[in-house]
Amino acid sequence: MNNIICACGHENPEGTVLCGNCGRPLTKEAKDLKLADMRYEGSARRSQTYNKSIIDKIWNFFSSVKIGVTIIIMILVAAAIGTILPQVLYVPASTEADIAAYYERVYGTFGKIYYELGLSDLYGSWWFQTLIGMLGISLIVASLDRFIPLYNSLKKQRTRRHESFMKRQRLFALGESVGQETLTKSEAKLKELRYDVKREDGALLAEKGRFSRWGPYVNHVGLIIFLFGVMLRALPGFYVDETMWIREGETRAIPEAPGYYLESKDFILETYDKEQADEVFGDAIERVGTIASNYQTDVVLYKKPESALPGQTENLEEVKKESIQVNKPLKFDGFAVYQMDFRLDELKTMHFVLSNKATGESLGDLAIDLVNPETTYDLGNGSSVKLLGYYPDFSGFENGEPQTKSPVPNNPAFLVRMTTPETPKGETSFVAIKQTVEPLGENAYKLEFQNVDTRDVSGLTIRKDKTLWILALGGLIFMIGVAQGSYFNHRRIWIHETKDGQFAVAAHTNKNWFAIKKELDQVTEAAQLPLYKDQQDSESQELKKDGEKSS
Amino acid sequence: MTLVSISGNLLFVAFICYLIATLFFGGAVKGSKPETSDSEKRWGRIGIIVTIVGFIANLAYFITRWIAAGHAPVSNLFEFTTAFGMMVVGAFILIYFIYRTPSLGLFALPIAIIIIGFASMFPRDINPLIPALKSYWLTVHVITAALGEAILAISAVAGLIYLLKNVDVTKRSKQSFWLEAVMFTLVLTLGFVASTTTFSVMDYEAKFSYVDKEQKDQEITYNTPPIFGMNEYKALTPGTMTPLAEMPPLVNAKKLTTVTWSLLFGVVLYGLIRLIIRKPIAAVLKPFAQKANSQLMDEIGYRAVSIGFPVFTLGALIFAMIWAQEAWSRFWGWDPKEVWALITWLFYAAFLHLRLSRGWHGEKSAWLAVIGFIIIMFNLIAVNLIIAGLHSYA
């Protein structure tokens with residue numbers, strides 16, 4: 001490696017733009033610039049020093065901000081495309097075929113193409129995830145590539161800089177100082193302005209807010225931690241995402257939460273009442289119609305005692321009673337249970353009367369529990385009803401066999417054998433809501449439908465997420481870094497006496513030039529320094545000249 | 001007078017104050033004297049005082065509505081957009097006291113006026129909160145996000161001033177074309193306000209029945225003459241205009257009609273303006289930007305992004321994720337509004353990297369700031385009205 005030896009004698013690694021010691025421009029380009037490029041203090045970055053091995057090439061690729069920004073823009077555009085049509089997650093279809101059909105039916109040819117290109121599951125696609133991964137690598141490499149040399153050169157910086165460095169700063173002055181003890185007065189004023197001041201024979205360096213330069217690297221660390229947390233979620237066991245439907249009065253094991261049971265006491269749906277709503281909400285309710293105010297499931301959480309055998313659900317210990325509402329999940333042992341959905345008035349029990357068709361005489365009534373029906377109902381007086389078949393969600397006959405669509409009691413139907421003292425052999429009947437079929441000929445008795453009991457069902461989501469604290473930590477570090485970098489500025493002011501007794505003043509800040517100018521104004525006045533010029537702002541120079549002419 | 005009507009009147013007072021303040025800021029930057037001369041300073045001072053009076057009235061609107069509703073008034077499109085407009089003014093006042101530049105007020109206030117005017121085209125009733133919104137995170141998340149967006153909007157205002165000053169609008173170029181396109185877009189917003197107001201003054205109403213994309217029968221009420229009809233529509237109000245074309249079930253023809261009317265009004269309005277002034281709008285506005293210092297506008301643009309970006313991140317992403325975890329059981333679900341918040345964030349991240357590492361200052365930076373504002377407005381308007389998702393509360 002060829003070191004560059006500066007005129008001041010300092011050895012700089014290859015790729016250095018401004019000498020680490022005196023600040024002289026070292027490259028031809030840097031010498032041609034009117035204003036020095038102060039990014040990363042003109043220090044040599046690894047990406048500019050090595051370009052031989054494959055690792056160097058990969059490193060150089062990912063260290064480029066141009067590449068980083070390109071990746072950001074690609075993610076941005078892809079993310080936008082993903083919002084044109086709803087993603088699969090939000091589509092009311094579950095099987096691949098249904099989903100494909102849904103996109104074509106609802107969104108036409110465009111929907112079909114969108115689905116077939118895989119844009120309907122864009123955020124889960126391998127190429128989108130690859131882009132996120134590349135962004136992560138770029139964050140790490142670009143940060144290291146810049147942070148280390150920047151840190152070193154700020155740590156080692158000299159008080160006296162070469163004239164060629166000074167005159168290439170945006171704020172620069174060279175001239176006589178009319179006052180006495182210029183440097184001492186400057187130092188006092190700068191200290192008053194909370195600068196750290198270093199002095200070396202005839203030269204002064206005032207600096208403040210250097211830590212704001214670390215802001216970008218701190219926030220990148222936060223982002224990397226966040227992305228790491230997101231990546232962990234791809235591994236099994238880091239989070240639980242289950243749903244459960246629970247009926248009022250039921251006690252069920254909580255999926256993926258061993259030993260925990262939940263009992264639903266009540267599901268409550270409340271709406272804003274137009275009569276009771278004051279004049280404030282009246283108009284809105286009139287315009288929109290019914291507005292829900294609360295979805296709530298009152299639950300009791302139980303834990304199985306340590307000593308209990310597997311499968312044994314007696315003697316559950318009550319942990320707590322709580323009302324789960326939207327925005328108020330039930331939390332226990334790292335789990336959270338959310339109120340997500342509901343079904344009102346699911347059929348619970350059906351009441352029938354066994355009666356004589358001719359006389360209408362009743363032989364007693366029975367109530368069938370639609371979740372756990374019994375096989376035989378003894379009516380006491382020598383009559384009984386036996387359930388031969390139960391079809392909770394009856395959908396019609398196929399080859400003479402009754403069918404059920406689902407195990408949910410939406411439309412219950414029964415195949416029963418009715419036995420009475422009069423008909424000891426029994427009569428077979430098929431009973432559904434508003435429908436009776438007598439498959440084996442005319443019966444003397446019938447099972448007459450009386451009424452139903454209903455209950456509500458709550459749809460709950462169970463979550464446990466072991467990565468949350470990593471994500472929260474990443475977010476926190478990001479916010480600290482971004483505040484550090486955004487709300488503080490790194491300001492430096494150099495003053496030195498030249499050989500011919502003049503004073504050179506230069507100032508640099510990473511941002512907010514407006515504020516450093518104000519401070520430099522104060523120092524200039526206090527120490528009677530030569531008036532500085534903003535070498536980048538041609539407009540106010542012209543304005544000043546105009547002002548001078550007219551006055 | 002009820003609290004609700006007091007609140008409405010306060011908003012109107014704020015609106016009028018902003019209009020008057022704009023005129024004073026106009027006075028401060030016209031004429032040949034530099035912005036810093038005494039007479040110009042006086043105009044600027046009156047301008048900022050009237051702005052502050054308006055802002056106090058605006059805050060009073062916000063607080064009285066909050067008290068009346070019992071929740072932060074940021075729960076529907078009218079409330080959110082109005083709050084956003086108010087915060088743009090707040091952010092302007094903050095930046096004004098750092099940089100003391102009236103030019104910024106001359107452009108920031110009209111933008112806020114358009115935003116508030118646009119907001120008042122949506123139903124202004126106070127909604128009771130649906131269960132999903134019943135959380136203190138509504139207050140925290142929405143207000144922080146709106147504040148971040150408002151500060152970012154100031155960078156677009158500074159960018160616009162920079163461009164008006166530095167783009168040569170007398171020559172045909174890409175820059176002058178796109179600058180005029182931005183002006184045209186602002187006029188289109190006025191077109192929306194004009195068309196909605198016209199038809200609401202006329203009390204226009206036309207009811208239709210139609211079949212939606214799930215093959216269900218629905219009813220819909222148009223408040224503008226129906227140019228487009230819904231799928232298999234049948235008119236229920238006699239004597240109204242017959243739609244010119246029927247739309248497939250996927251397209252919400254009512255919204256399409258509203259957009260078309262806004263475009264028609266906007267184009268006619270723009271045409272009239274051009275007929276009267278006989279040159280591009282940008283050319284007329286250019287002299288008003290002439291006093292601004294380009295270097296200062298560039299710095300304000302960057303400063304606004306560097307102040308607004310962390311606030312936006314906190315409000316629109318971090319608080320949003322915490323609330324989403326609490327309400328929807330997951331911190332991130334690729335809902336369109338979430339995605340567009342991420343897009344906005346990525347865009348400003350790219351902006352900062354291009355500026356800091358690739359030296360995109362001046363004109364490039366100004367264009368980026370304007371594009372950023374367009375993305376914010378897209379997220380506010382299009383994502384709520386066109387792309388349906390979990391956030392479509394309005």
Side-chain angles (χ1 to χ4, degrees), chain A residues 37 39 65-66 68-69 72-73 75-76 79-80 82-84 86-87 89-90 106-108 123 216 241 272 277 279-281 283-285 287-288 291-295 325-327 329 336 338 340 461 463 468 471 475 478-479 482-483 485-487 511-514 534 536-537 539-540 543 547, chain B residues 2-4 34 68-70 98-99 123 125-132 134-135 137 213 248-250 293-296 299 302-303 306-307 309-310 313-314 317-318 321 325-331 333-336 339-340 342-343 346-347 349-350 353-354 356-359 383 387-389:
Chain A
D37 184 352
R39 280 178 264 156
V65 168
K66 207 189 210 165
V69 171
I72 291 177
I73 299 295
I75 294 174
L76 188 158
T83 60
I84 297 175
Q87 294 284 300
L89 201 66
Y90 295 106
V106 179
Y107 303 106
Y123 307 115
D241 178 11
Y272 290 99
E279 50 193 325
V280 176
F281 297 138
D283 291 345
I285 295 175
R287 187 170 57 82
V288 184
I291 301 176
S293 68
N294 186 24
Y295 305 122
Q325 292 178 331
V326 178
N327 273 310
Y338 298 85
M340 295 299 272
T461 289
R463 285 274 190 169
L468 282 184
L471 302 177
F478 176 83
M479 278 316 298
V482 86
S486 302
Y487 299 146
K511 61 178 181 299
N512 195 359
W513 290 89
F514 186 76
D534 182 341
Q536 201 168 303
D537 185 6
E539 280 170 21
S540 54
L543 216 65
Chain B
T2 63
L3 204 54
V4 181
I98 304 178
Y99 294 101
D125 325 326
I126 299 186
N127 296 61
L129 290 183
I130 59 167
K134 280 187 170 175
S135 168
W137 286 108
K213 63 180 191 226
L250 180 62
N293 177 307
S294 304
Q295 206 60 46
L296 193 62
E299 179 161 334
Y302 173 44
R303 193 91 193 277
S306 71
I307 297 174
F309 184 72
T313 312
L314 193 66
L317 293 173
I318 295 186
M321 285 192 215
Q325 183 73 30
E326 205 68 12
W328 294 329
S329 86
R330 82 288 182 288
F331 61 90
W334 298 105
D335 171 67
V339 176
W340 277 91
L342 177 69
I343 288 173
L346 287 171
F347 180 83
H353 283 92
L354 288 170
L356 295 174
S357 290
R358 304 209 52 83
V383 174
I387 306 174

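So you know, we letter chains A, B, ... as the sequences are listed, proteins then strands, and number each from 1.
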Check your understanding: Looking at A/S293, A/P329, A/G475, which has the largest count of heavy-atom pairs under 4.5 Å with chain B?
Key -> A/S293
Revision key, fill the gap. Taken to the nearest 0.5 Å, the spacing of A/K511 NZ from B/S306 OG works out to 5.5 Å
Study note, to complete from the structure: Applying side-chain hydrogen bond (donor to acceptor under 3.5 Å, both in side chains) to B/Q295 and not counting sequence neighbours gives none
**Study point:** From CG (B/N127) to CZ (A/F281), nearest 0.5 Å
**Key:** 8.5 Å
Review point. B/S294: what forms a side-chain hydrogen bond (donor to acceptor under 3.5 Å, both in side chains) with it, not counting sequence neighbours?
Key: A/E539, B/N166
Point to revise | Part of B/F331 lying under 4.5 Å from any heavy atom of chain A | key: side chain
Review point. Chain B heavy atoms under 4.5 Å from A/V106: which part of the residue, side chain, backbone, both or neither?
Key: both
Check your understanding: A/T461 versus chain B, heavy atoms under 4.5 Å apart: side chain, backbone, both or neither?
Key -> side chain
**Study point:** Proximity breakdown for A/L76 and chain B, heavy-atom pairs closer than 4.5 Å
**Key:** both
Revision key, fill the gap. Under 4.5 Å to a heavy atom of chain A? For B/E326 that would be both
Practice item. Might you point out which heavy atoms bring A/A284 and B/D125 nearest each other, and give the distance in Å? Key: CA-OD2, 3.6 Å
Check your understanding: If you count heavy-atom pairs under 4.5 Å between each of B/E299, B/Q325, B/H353 and chain A, which one has the most?
Key -> B/E299
Practice item. Please lay out, stage by stage, how A/R463 and B/R330 fare under the test side-chain contact (heavy atoms from CB on, under 4.5 Å). Key: CA-CA 8 Å; A/R463 285 274 190 169; B/R330 82 288 182 288; 3.5 Å; yes
Practice item. Quick one: which of B/A350, B/P128, B/P123 has the most heavy-atom pairs under 4.5 Å with chain A, could you say? Key: B/P128
Point to revise | Interatomic distance, A/M479 atom CE to B/L314 atom CG [nearest 0.5 angstrom] | key: 4.5 Å
Exercise for review: For each of B/L317, B/I98, B/V4, tally heavy-atom pairs with chain A at distances under 4.5 Å, and name the one with the top tally.
Suggested key: B/I98
Check your understanding: Taking the side chain as C-beta and beyond, is there a heavy-atom pair between A/Q325 and B/P131 under 4.5 Å?
Key -> no
Point to revise | Toward chain B, the part of A/F514 with a non-hydrogen atom under 4.5 Å | key: both
Point to revise | Part of A/Y338 within contact of chain B (heavy atom distance under 4.5 Å) | key: side chain
Review point. Side chains of A/Y272 and B/I130: does their closest heavy-atom pair fall under 4.5 Å?
Key: no
Review point. Less than 4.5 Å apart, any side-chain heavy atom of A/V326 and any of B/K134?
Key: no
Point to revise | Spacing of CD1 belonging to B/I343 relative to CD1 belonging to A/I72, to within rounding of 0.5 Å | key: 13.5 Å
Study note, to complete from the structure: If one checks every heavy atom of A/Q536 against chain B at 4.5 Å, the contacting part turns out to be both
Check your understanding: In terms of heavy-atom proximity below 4.5 Å to chain B, should A/A336 be classed as side chain, backbone, both, or neither?
Key -> neither
Check your understanding: Can you find a heavy atom in the side chain of B/W137 that is under 4.5 Å from one in the side chain of A/N327?
Key -> no
Check your understanding: Between B/I318 and chain A, which part of the residue has a heavy atom less than 4.5 Å away: side chain, backbone, both or neither?
Key -> side chain
Practice item. Heavy-atom distances under 4.5 Å only: say whether B/F309 touches chain A with side chain, backbone, both or neither. Key: side chain
Exercise for review: For residues A/N512 and B/Y99, report the shortest heavy-atom separation together with the two atoms involved.
Suggested key: OD1-OH, 3.9 Å
Point to revise | Student check: side-chain heavy atoms of B/W334 and A/T83 closer than 4.5 Å | key: no
